[in-house]
Amino acid sequence: MLKIYNTLSREKEVFTPKVEGKVGMYVCGMTVYDYCHIGHARVMVVFDIVARYLRYSGYDLTYVRNVTDIDDKIIQRANENKEEISELTERFIDAMHEDERELSVLPPDIEPRATKSMDDIILMITALFEKGLAYTGSNGDVFYAVDKFANYGALSGKKLDELQAGERVDVNLAKKNPFDFVLWKKSKVDEPYWNSPWGRGRPGWHIECSAMATRCLGHHFDIHGGGMDLQFPHHENEIAQSEGATGEKFVNVWMHNGFVRINEEKMSKSLGNFFTVREVLKQYRAEIVRFFVLSSHYRSPLNYSDEQLDDAGSAVTRLYTALRGVVVATDVQATDYTLRFKQAMDDDFNTAVAVAVLFDMARELNKIKNNDVELAAQLAAELKELSSVLGILQDDPDEFLKTADGTQDSGLAEQAIEALIAQRIAAKKNKDWALADKIRDDLKAQGIVLEDVATGTSWRYE
RNA sequence: GGCUACUUAGCAAAACGGUUAUGCAGUGGAUUGCAAAUCCAUCUACGGCGGUUCGACUCCGCCAGUAGCCUCCA
């Protein structure tokens with residue numbers, strides 16, 4: 001029985017989809033004016049695992065993750081780069097897809113874009129006008145009148161009269177209420193625009209998600225996710241727009257993942273303390289980054305440091321080492337491990353506990369792999385299947401262990417390493433321990449570790 | 001100022017009202033020519049003060065600290 005923490009109720013709830021056996025999930029994706037950083041990677045990986053687990057549990061899932069490809073920052077960045085907006089956004093969408101593939105994030109079923117959803121956006125704003133929830137401000141922008149929506153603040157636990165207007169941003173005098181937000185922004189000269197009943201302009205930040213989500217999944221659907229920082233105002237505003245326009249409940253379960261931090265501080269573009277995915281992947285292999293993300297619960301903060309990533313590397317190495325040299329059975333038989341794994345994942349996607357189950361399996365595998373080949377093959381198959389739900393451990397163990405990451409490539413070809421190992425074996429036969437140890441030490445100095453196992457000598461990068 | 005979380009051993013990270021988390025590191029042992037890998041054993045915990053309870057890391061209250069949100073942000 002799957003339980004999910006719902007931000008709306010602030011408790012774990014038993015998950016019951018709207019339509020039995022089917023799930024619609026929408027996740028707020030990227031605004032594409034720069035490379036993805038590790039915080040974005042966390043969103044991608046976390047909801048990828050949610051999607052994988054829902055499917056593993058037998059649900060027919062439709063997973064939608066949008067791309068916001070028009071907004072003020074995009075316009076600004078394109079101007080700075082003296083680049084066409086579409087050129088800029090295409091470039092970063094491609095980069096995002098590359099990062100995603102690297103991290104073994106399966107693509108969402110639908111990836112709608114704001115610029116390709118203008119009809120839906122305009123229709124929704126029109127509906128909001130009809131319901132008396134939208135108005136045109138003195139500057140020509142169209143705003144949402146938050147005090148007309150009774151439930152405003154329900155998701156983020158905020159009350160309009162307790163919010164501090166103008167705390168960080170000057171109050172826009174064109175609005176009736178400082179917390180009203182833009183639905184349609186009138187375009188200035190030289191700015192891109194779409195035609196609308198309210199003149200040439202572009203959508204405000206929040207409306208595109210409401211429009212795309214309801215178009216792809218219907219007015220009312222099961223799960224909506226995103227980073228913690230989107231809770232307010234983005235998701236709050238999405239609810240106001242969608243429910244205001246359709247008159248129906250928008251989303252049953254709201255999921256928010258915690259931040260990636262650096263030195264106990266949120267990683268963010270505005271603080272400038274972020275690492276891009278591609279920077280990190282130069283140093284650490286993608287699977288290690290992925291393991292790092294799922295080693296803690298998705299709602300907890302995740303502190304980024306080299307030490308943490310190194311630990312993740314050791315952990316993944318241990319799992320692959322357990323699988324090394326084991327034939328994997330073709331059919332999977334679920335044992336108590338699968339049960340424990342499911343219990344962990346059913347408890348609000350507790351990947352930390354799920355991973356602990358994998359380590360218990362690895363320990364048993366290490367114990368039996370040299371004396372019960374058949375049982376080992378079955379256990380390995382089960383381990384690989386459960387790991388696949390987390391999107392890890394799908395490579396050939398030798399492939400993983402013999403691949404250097406960015407910092408440790410010795411430049412030695414595999415054949416050269418194998419030749420040295422052969423020399424060492426010959427030296428060992430002659431009991432020339434000095435030579436044997438020298439070969440081993442020399443390789444070690446280049447980051448290559450030799451391991452004399454039952455079947456011969458294995459090697460791996462440290 | 002309002003609101004929301006969090007605080008676990010050397011580091012990271014979970015669960016649970018009474019029973020081993022797990023990974024890395026440490027210590028002892030097995031194994032090894034010596035190592036490595038592996039296995040076995042083992043040391044370091046639950047921010048502080050109260051309360052509820054036969055019993056609390058786990059529930060409640062207060063205090064302290066940390067982080068986040070209060071129209072840039074995943």
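Chain A is the first sequence line, chain B the second, and so forth, proteins listed ahead of strands; every chain is numbered from 1.
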Novice: Should we count NZ of A:K266 as having more than 12 external heavy atoms under 6.0 Å?
Specialist: yes
Novice: Tell me which nucleotide among B:A15, B:A36, B:A14 gets nearest to the side chain of A:S300.
Specialist: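 The nucleotide sitting nearest to the side chain is B:A14.
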Novice: With rounding to whole Å, what would you report as the distance between B:A37 and B:C43 at their P atoms?
Specialist: 23 Å
Novice: Please state the P separation for the pair B:C24 and B:C39 - nearest whole angstrom.
Specialist: 9 Å
Novice: Provide, to the nearest angstrom, the distance between the CE atom belonging to A:M228 and the C1' atom belonging to B:C73.
Specialist: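 Taking atom C1' of B:C73 as the reference, CE of A:M228 is at 14 Å.
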Novice: By nearest atom, which of the nucleotides B:C73, B:C34, B:A74 is closest to the A:S268 side chain?
Specialist: B:C73
Novice: Taking OP1 and OP2 of B:C39, is either one under 4.0 Å from a side-chain nitrogen or oxygen of A:N366?
Specialist: yes
Novice: Just compare B:A37, B:C24, B:G68 and give me whichever is closest to any side-chain atom of A:R324.
Specialist: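 Within the option list, the nearest is B:A37.
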Novice: Please report the distance, rounded to the nearest Å, between NE2 in A:H256 and P in B:C6.
Specialist: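 Interatomic distance, NE2 of A:H256 to P of B:C6: 16 Å.
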Novice: Say we look at B:U19 and B:C59: how far apart would their P atoms be, to the nearest angstrom?
Specialist: 16 Å
Novice: Are A:K185 and A:D72 close enough, and set up right, to give a salt bridge (charged side-chain N to carboxylate O under 4.0 Å, His left out), and what steps lead you there?
Specialist: CA-CA 10 Å; A:K185 196 162 185 169; A:D72 290 2; 2.7 Å; yes
Novice: Report yes if at least one side-chain N or O of A:R440 is closer than 4.0 Å to OP1 or OP2 of B:U32; otherwise report no.
Specialist: no
Novice: Consider the side chain of A:S270, meaning its heavy atoms from C-beta on, and name the nucleotide among B:A36, B:C73, B:A13 that approaches it most closely.
Specialist: B:C73
Novice: Could you give the distance separating B:A21 and B:A9 at their P atoms, to the nearest angstrom?
Specialist: 14 Å
Novice: With P as the reference atom in both, quote the distance from B:C40 to B:G61 in angstrom, rounded to an integer.
Specialist: 43 Å
Novice: If the P atom of B:C70 is compared with that of B:C11, how far apart are they to the nearest Å?
Specialist: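 To the nearest whole Å, 32 Å.
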Novice: Of the nucleotides B:C11, B:A74, B:A36, which has the atom closest to the A:V449 side chain?
Specialist: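 Selected nucleotide (nearest to the side chain): B:A36.
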Novice: To the nearest Å, give me how far apart CG (A:N303) and C1' (B:A13) are.
Specialist: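 So the two atoms are 13 Å apart, to the nearest Å.
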Novice: What's the gap between B:G51 and B:C69 when it is taken at their P atoms, as a whole Å value?
Specialist: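 Per the computed distance, 38 Å lies between those P atoms.
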Novice: Please walk me through it: do A:F181 and A:H206 pass ring-ring contact (aromatic ring centres under 6.0 Å, His included)?
Specialist: CA-CA 9 Å; A:F181 55 91; A:H206 317 289; 5.3 Å; yes
Novice: I need the CZ-P distance between A:F291 and B:G23, as an integer number of Å.
Specialist: 10 Å
Novice: Detail all sub-3.5 Å separations between protein N/O atoms and N/O atoms belonging to nucleotides 40-44 of chain B.
Specialist:
| residue | atom | partner | partner atom | Å |
| --- | --- | --- | --- | --- |
| B:C40 | OP1 | A:K367 | NZ | 2.8 |
| B:C40 | OP2 | A:R363 | NE | 3.4 |

Novice: Find the distance A:F274:CZ to B:C73:C1' and express it as a whole number of Å.
Specialist: 11 Å
Novice: Taking B:C57 as the reference, what is the distance to B:A13 when you measure between their C1' atoms (whole Å, please)?
Specialist: 15 Å
Novice: Between C1' on B:A37 and CG on A:L323, what's the gap in Å once rounded to a whole number?
Specialist: 14 Å
Novice: Between B:C24, B:C69, B:G68, which nucleotide has the shortest distance from any of its atoms to the side chain of A:E265?
Specialist: B:G68
Novice: Can you tell me how far C1' of B:G1 sits from CG of A:L160, to the nearest Å?
Specialist: 17 Å
Novice: Check every strand shown and say whether A:G39 touches a base, only sugar-phosphate, or nothing at a heavy-atom separation below 4.0 Å.
Specialist: base
Novice: Give the dot-bracket line for RNA chain B from 5' end to 3' end: parentheses for intra-strand Watson-Crick or G-U pairs under 3.5 Å, square brackets for crossings, | for inter-strand pairing, dots for unpaired.
Specialist: (((((((..(((.....[...))).(((((.......)))))....(((((..]....))))))))))))....
Novice: Among the candidates B:C24, B:A15, B:A67, find the nucleotide nearest to the side-chain atoms of A:V353.
Specialist: B:A15
Novice: May I have the distance from A:F341 (atom CZ) to B:U22 (atom P), rounded to whole angstrom?
Specialist: 18 Å
